[in-house]
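Below, all heavy atoms of this structure are taken into account, side chains as well, without hydrogens, waters or symmetry copies.
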Amino acid sequence: MDIKQITKQQARQFILLKQGLIGPYRFIGKDGAYGYIRQAGCIQYDPVDVCGKNAELTLQSRVKGFKKTMLHELLYEDRKLVDYADKELSIWSAEDWPYFSSYRKRSLDLGETFEGLEELKEEAIEYIRENGPVCSDTLPIEGEIFWHSSMHWSGNWDKKSPAARSVLEQLYTDGVLIIHHKKGSRKYYDLAERYLPKSLLEAENPCKDDEEFMKWRVLRRIGAVGLLWDKNSTAFLGLYLKAEQRKQILSELMEESKICCVSVEGIKTLFYYQSEDDELMQMVLEGTADLKERMSFIAPLDPLMWDKALILALWDFKYSWEIYTPAVKRKYGYYTLPIIFGDRFVGRIEAIPDRKNGILSVKGLWWEDDVRVTKKLNNALERTLKNFADFNDCTKK
């Protein structure tokens, strides 16, 4: 097996080029937002909105001219994207719907094990068909049932849950309902058949079995990060892969010429990237890639940050999302974003919008110890803050 040898800097540059975070913008406007999500496979959804929700922050960092309304339109007007499970609750292209048919089948089978659930499902479908989108507060199904969300396939199976919420989540995981829209963190559901074409809903699963589906998902996660190692990785969250299974899948993907392998200086574990990115890797190795510096504020759950151990190994940058850390134990801030400039993590920032008064306030700014604060760096920060203020509908900063 021919294994390329690359430096840590080349690994960093390759990942950032693939991610669209260095060099000229590759992702522009609403089409660019959709294009990036297609490339990443999925982006994680998180309802917390301090300075933009995680999915919006992910797109603003690498999509030129991105506005929050663009993601809303792609999800709930164009219906080119859907909210569904993948890496936790995620956003991914509706084109991938057929791949998850085995996931939905498992949900249907599991739902049949809960007494009384099938009757409630029929009742909910009939109500939604007649009345349109509902949330758990507006669906007129009272009481509680013994049920647990099949979205995560684990938990306390003897726990009682509100019947309306339970039946909606079950139908959603079954693929009968999709999220029609959200108000804050509140989800409103409607029938999938009203928004997704029949040809997509009834399409045959491209994967012949669960093993093939797992290989497809591993390949997709590699493409999301750009370069992943043969190691237990949080980038594989939700796949429930054991080490031997992961190694076998990587071996098979190599045999099928779907991935390539590289060795990174100073790291024993091998890394993999999608074969379709081999030309990009060659450009990095030959020094012909356009590495024009840009500054970006990175979302806490951005695909770039999925594997924080990998980030530490390649960048020597240690990041912890402190949103759930007690205030007295925080080293930085409640919602601190890493700062990329060029091919380095240069610091982190906590920039909070006062939406009522249209002011973006920088509550904290921490440069890395080895970063020299120059005029060039400050100018880049000013430009990035202006764009971030615009993204958050602020006119002042």
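Taking the ring centroids of Phe213 and Tyr103, they lie at or beyond the 6.0 Å cut-off. Note: Trp92 and Phe100 meet the aromatic proximity criterion, with ring centroids under 6.0 Å apart. When ring centroids are compared, Trp229 and Tyr272 stay outside the 6.0 Å threshold. For an aromatic pair to be called close, the ring centres must be under 6.0 Å apart, and His181 with Tyr188 satisfies this.
Side-chain atoms of Gln60 and Glu56 form no donor-acceptor pair, as typed in the model, at a separation below 3.5 Å. Lys363 and Tyr335 share no donor-acceptor pair across their side chains, judged by distance under 3.5 Å alone. There is no side-chain donor-acceptor pair under 3.5 Å between Asp390 and Asn387. One side chain, Ser136 or Arg186, offers a donor N or O that lies under 3.5 Å from an acceptor on the other. Counted by atom type alone, Tyr45 and Asn54 present zero donor-acceptor pairs between their side chains at under 3.5 Å. A donor-acceptor contact under 3.5 angstrom links the side chains of Gln19 and Tyr36, judged on distance only. Donor-acceptor pairing under 3.5 Å is recorded for the side chains of Gln170 and Asp174. Side-chain atoms of Asp83 and Tyr76 include a donor-acceptor pair closer than 3.5 Å.
When all heavy atoms are compared, the tightest approach of Arg12 to Leu314 is NH1-O, 2.8 Å. Among all heavy-atom pairs drawn from Val50 and Pro353, the shortest one is O-CD, 3.2 Å. Residue Ile22 comes nearest to Asp343 through the heavy atom pair CD1-N, 3.9 Å, listed as atom of the first residue, atom of the second, then distance. Residues Leu16 and Gly342 share a closest heavy-atom pair of CD1-O, 3.6 Å. A pairwise comparison of heavy atoms in Pro303 and Ile43 identifies CG-CG2, 4.3 Å as the closest pair.
Between Gln44 and the choices Glu88, Lys87, Lys53, the side-chain hydrogen bond (donor to acceptor under 3.5 Å, both in side chains) rule is met once, by Lys87. Of the options Ile352, Leu385, Leu381, a side chain to side chain contact (heavy atoms under 4.5 Å, CB included) to Val362 is made by Leu385 and by none of the others.
Atom CG of Leu270 and atom NZ of Lys231 lie 12.0 Å apart (nearest 0.5 Å). With rounding to the nearest 0.5 angstrom, the CG atom of Asp370 is 8.0 Å from the CG atom of Asp316. To the nearest 0.5 Å, atoms OG (Ser275) and CE (Met281) are separated by 11.0 Å. Summarising the geometry, atom CH2 belonging to Trp306 is positioned 9.5 Å from atom CG belonging to Leu301; distances are rounded to the nearest 0.5 Å. Put simply, CD1 on Ile340 and CG on Leu304 are 5.5 Å apart, with the number rounded to the nearest 0.5 Å. Separation of atoms CG (Leu227) and CZ (Phe14) is listed at 6.0 Å; rounding is to 0.5 Å.
Residues Lys375 and Asn379 form a side-chain contact, since some pair of their non-hydrogen atoms from C-beta on lies under 4.5 Å apart. With contacts defined as side-chain heavy-atom distances shorter than 4.5 Å, the pair Leu285/Gln282 qualifies. When side chains are defined from C-beta on, Ile359 does not count as touching Thr395, because their heavy atoms never get closer than 4.5 Å.
Asp302 and Arg62 are joined by a salt bridge, as a carboxylate oxygen and a charged side-chain nitrogen come within less than 4.0 angstrom of each other. Here Lys4 pairs with Asp278 in a salt bridge; the nearest charged N to carboxylate O distance falls below 4.0 Å. Salt-bridge check for Asp230 with Arg246: passed, with a basic side-chain N closer than 4.0 Å to an acidic carboxylate O. A salt bridge is defined here as a Lys NZ or Arg NE, NH1 or NH2 lying under 4.0 Å from an Asp or Glu carboxylate O, and Glu73 with Lys30 meets this definition. Contact check on Asp49 versus Arg355 returns a salt bridge, with a Lys/Arg side-chain nitrogen under 4.0 Å from an Asp/Glu carboxylate oxygen.
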Test side-chain contact (heavy atoms from CB on, under 4.5 Å) applied to Leu21 and Phe27, step by step | CA-CA 10 Å; Leu21 289 166; Phe27 304 106; over 6 Å; no
Side chain to side chain donor-acceptor pair (under 3.5 Å) between Glu244 and Gln248: does it pass, once the steps are laid out?
-> CA-CA 6 Å; Glu244 287 306 311; Gln248 180 64 29; over 6 Å; no
Kindly indicate, with the supporting measurements, whether the criterion salt bridge (Lys or Arg N to Asp or Glu O under 4.0 Å) is fulfilled by Asp96 and Arg38.
-> CA-CA 9 Å; Asp96 289 339; Arg38 287 290 294 146; 3.3 Å; yes
Verdict with supporting geometry, Glu276 and Lys258, salt bridge (Lys or Arg N to Asp or Glu O under 4.0 Å) = CA-CA 8 Å; Glu276 65 185 49; Lys258 292 181 178 178; over 6 Å; no
Go through the steps for Glu118 and Lys121 under the test salt bridge (Lys or Arg N to Asp or Glu O under 4.0 Å), then give the verdict.
-> CA-CA 5 Å; Glu118 290 302 310; Lys121 285 165 65 173; 3.3 Å; yes
Lys331 vs Trp366, side-chain contact (heavy atoms from CB on, under 4.5 Å): CA-CA, chis, key distance, verdict | CA-CA 10 Å; Lys331 186 176 180 181; Trp366 303 266; over 6 Å; no
List the steps, then state whether side-chain contact (heavy atoms from CB on, under 4.5 Å) holds for Arg344 with Val371.
-> CA-CA 10 Å; Arg344 299 181 59 196; Val371 168; 3.7 Å; yes
Show your working on salt bridge (Lys or Arg N to Asp or Glu O under 4.0 Å) between Lys329 and Glu322 and close with a plain yes or no.
-> CA-CA 9 Å; Lys329 294 184 178 181; Glu322 297 181 311; over 6 Å; no
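Within 6.0 Å of the CD atom in Glu279, the count of heavy atoms belonging to other residues, nucleotides or ligands does not exceed 12. Atom CD of Glu211 is surrounded by 12 or fewer heavy atoms from other residues, nucleotides or ligands within 6.0 Å. Within a 6.0 Å sphere centred on CD of Glu286, heavy atoms belonging to other residues, nucleotides or ligands number more than 12. Enclosure of atom CG in Asp78 by more than 12 non-hydrogen atoms of other residues, nucleotides or ligands within 6.0 angstrom is indicated. For Glu77, the CD atom counts as densely surrounded, since its 6.0 Å shell holds more than 12 non-hydrogen atoms of other residues, nucleotides or ligands.
A donor-acceptor pair is defined here as one N or O able to donate and one able to accept, closer than 3.5 Å; no such pair exists between the side chain of Glu350 and the backbone of Gly364. Between the side chain of Asn392 and the backbone N or O of Cys394 there is no donor-acceptor pair closer than 3.5 Å.
Using a 30° and 60° split on the angle between ring planes, Trp321 and Tyr324 fall in the perpendicular class, above 60°. Between Trp216 and Tyr99, the two ring planes are parallel [angle under 30°; tilted spans 30° to 60°].
A cation-pi arrangement is present between Lys80 and Tyr34, with the terminal nitrogen or guanidinium carbon under 6.0 Å from the aromatic centre and inside a 45° cone about the axis. Cation-pi check for Arg348 over Tyr332 is met; the charged atom lies under 6.0 angstrom from the ring centroid and within 45 degrees of its normal. A cation-pi arrangement is found for Lys68 relative to Phe391, the charged atom lying closer than 6.0 Å to the ring centre and inside a 45° cone about the ring normal. Geometrically, Arg79 engages Tyr195 in a cation-pi contact, judged by NZ or CZ lying under 6.0 Å from the ring centre and within 45° of the ring axis.
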